[in-house]
Asker: 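Right, I'll just put the structure down here and ask away after.
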Amino acid sequence: AGMNGTAIENFVCVIYNVSFMNCTWQVGTTAPGDTQYFLYWKSSRKEDFMECQNYVKDNYGRHTGCRFQNVTIENKMAHFLVNKSRNGQNIQSYKKKIALYKIEKLTPPLNVTVNCIGILHGCEIQWRPPRTSHVKRDACFKYEIVIEN
């Protein structure tokens, strides 16, 4: 329901540093200037929707994103709903489900060390897996090493 083009567009969420999540969107192309959007989310079907507590705003004071802390992934499917508020007009809502593990940007590997024993003997490179809230086995990671010079 609602006038076409009033729902948000380009909704994207990213989880970083293990437990922080940023979600951003653009205002609908035909949404009037006084339209305000409100983001609600839940990380399982059993939970109730919770509203964003830390909105990102554009130059006109409209909500165009949200920052979350203490997000746990645990292979959950999150449900997002962006509602709106505007006096006297019907604005479209936006709904999306996202597998949280698919939007996590991993930290770099930890404690990288390089030990070289002369030209002929080569080098030994060691590291620990990146921090993550949902990957429990180190074997799940694949690494690529780029050696220059």
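Just so it is clear, the values below take in all heavy atoms, side chains as well, and ignore hydrogens, waters and symmetry mates.
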Asker: Mind running side chain to side chain donor-acceptor pair (under 3.5 Å) on S93 and N83 for me, showing each step along the way?
Answerer: CA-CA 5 Å; S93 294; N83 272 342; 2.9 Å; yes
Asker: Could you report the tightest heavy-atom contact between P130 and Y143, atom names first, then the distance?
Answerer: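 Here P130 and Y143 meet closest at CD-OH, 3.7 Å.
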Asker: Excluding sequence neighbours, so at least two apart, what forms side-chain contact (heavy atoms from CB on, under 4.5 Å) with E124?
Answerer: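 Per chain and number, E124 pairs via side-chain contact (heavy atoms from CB on, under 4.5 Å) with Q126.
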Asker: Quick one: CZ on F68 to SG on C13, what's the gap to the nearest 0.5 Å?
Answerer: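 With rounding to 0.5 Å, CZ (F68) is 7.0 Å from SG (C13).
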Asker: Given K42 and D48, is the side-chain contact (heavy atoms from CB on, under 4.5 Å) satisfied, shown in steps?
Answerer: CA-CA 6 Å; K42 59 183 179 176; D48 291 329; over 6 Å; no
Asker: In this structure, is the centre-to-centre distance between the rings of Y40 and F80 below 6.0 Å?
Answerer: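 No: the rings miss the under 6.0 Å criterion.
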Asker: If hydrophobic clusters are built by linking Ile, Leu, Val, Met, Phe, Trp and Tyr wherever their side-chain heavy atoms come under 4.5 Å apart, do V18 and L100 end up in the same one?
Answerer: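 No; tracing contacts between hydrophobic side chains, which count when under 4.5 Å, never links both residues.
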Asker: To the nearest 0.5 Å, what is the distance between NE2 (H63) and CD (Q36)?
Answerer: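 Interatomic distance, H63 NE2 to Q36 CD, rounded to 0.5 Å: 4.0 Å.
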Asker: Show every donor-acceptor pair shorter than 3.5 Å between a side-chain atom in residues 49-61 and any protein atom, with sequence neighbours excluded, or say none if there are none.
Answerer:
from	atom 1	to	atom 2	distance (Å)
E51	OE2	Y55	OH	3.0
Q53	NE2	E51	O	3.2
Y55	OH	L39	N	2.9
D58	OD1	Y60	N	2.9
D58	OD1	G61	N	3.1
D58	OD1	R62	N	2.9
D58	OD2	R62	NE	2.9
D58	OD2	R62	NH2	3.0

Asker: Look up atom CD1 in I8 and atom CG in N10, then write down how far apart they are to the nearest 0.5 Å.
Answerer: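 Rounded to the nearest 0.5 Å, the CD1-CG separation comes to 9.0 Å.
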Asker: Which pairs would a plain distance check flag for residues 102-112, meaning a side-chain donor or acceptor within less than 3.5 Å of a matching protein atom at least two apart in sequence or in another chain?
Answerer:
from	atom 1	to	atom 2	distance (Å)
E104	OE1	T132	OG1	3.0
E104	OE1	H134	ND1	3.0
E104	OE2	T132	OG1	3.3
T107	OG1	R131	N	3.2

Asker: Closest approach of C116 and V114, non-hydrogen atoms and distance?
Answerer: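 Shortest heavy-atom separation between C116 and V114 comes out as SG-CG1, 3.8 Å.
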Asker: Using only atom types and a distance under 3.5 Å, with no angle test, would you say the side chain of T6 pairs donor to acceptor with the backbone of A31?
Answerer: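 No; judged by distance alone, with no hydrogens or angles, the pair does not exist.
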Asker: Examine W127 and F141 and state if one hydrophobic cluster contains both, with Ile, Leu, Val, Met, Phe, Trp and Tyr joined whenever side-chain heavy atoms are less than 4.5 Å apart.
Answerer: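 Linked, W127 and F141 end up in one cluster.
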Asker: Considering only heavy atoms from C-beta outward, does the side chain of T64 approach that of V27 to under 4.5 Å?
Answerer: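 A side-chain contact under 4.5 Å exists here.
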Asker: Hey, do the aromatic rings of W25 and Y94 have their centres closer than 6.0 Å?
Answerer: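 Ring centres of Y94 and W25 not closer than 6.0 Å.
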Asker: Let me see the working for W41 and I98 under side-chain contact (heavy atoms from CB on, under 4.5 Å), right down to the final yes or no.
Answerer: CA-CA 11 Å; W41 87 296; I98 298 175; over 6 Å; no
Asker: Mind running disulfide (SG to SG under 2.5 Å) on C66 and C23 for me, showing each step along the way?
Answerer: CA-CA 5 Å; C66 182; C23 295; over 6 Å; no
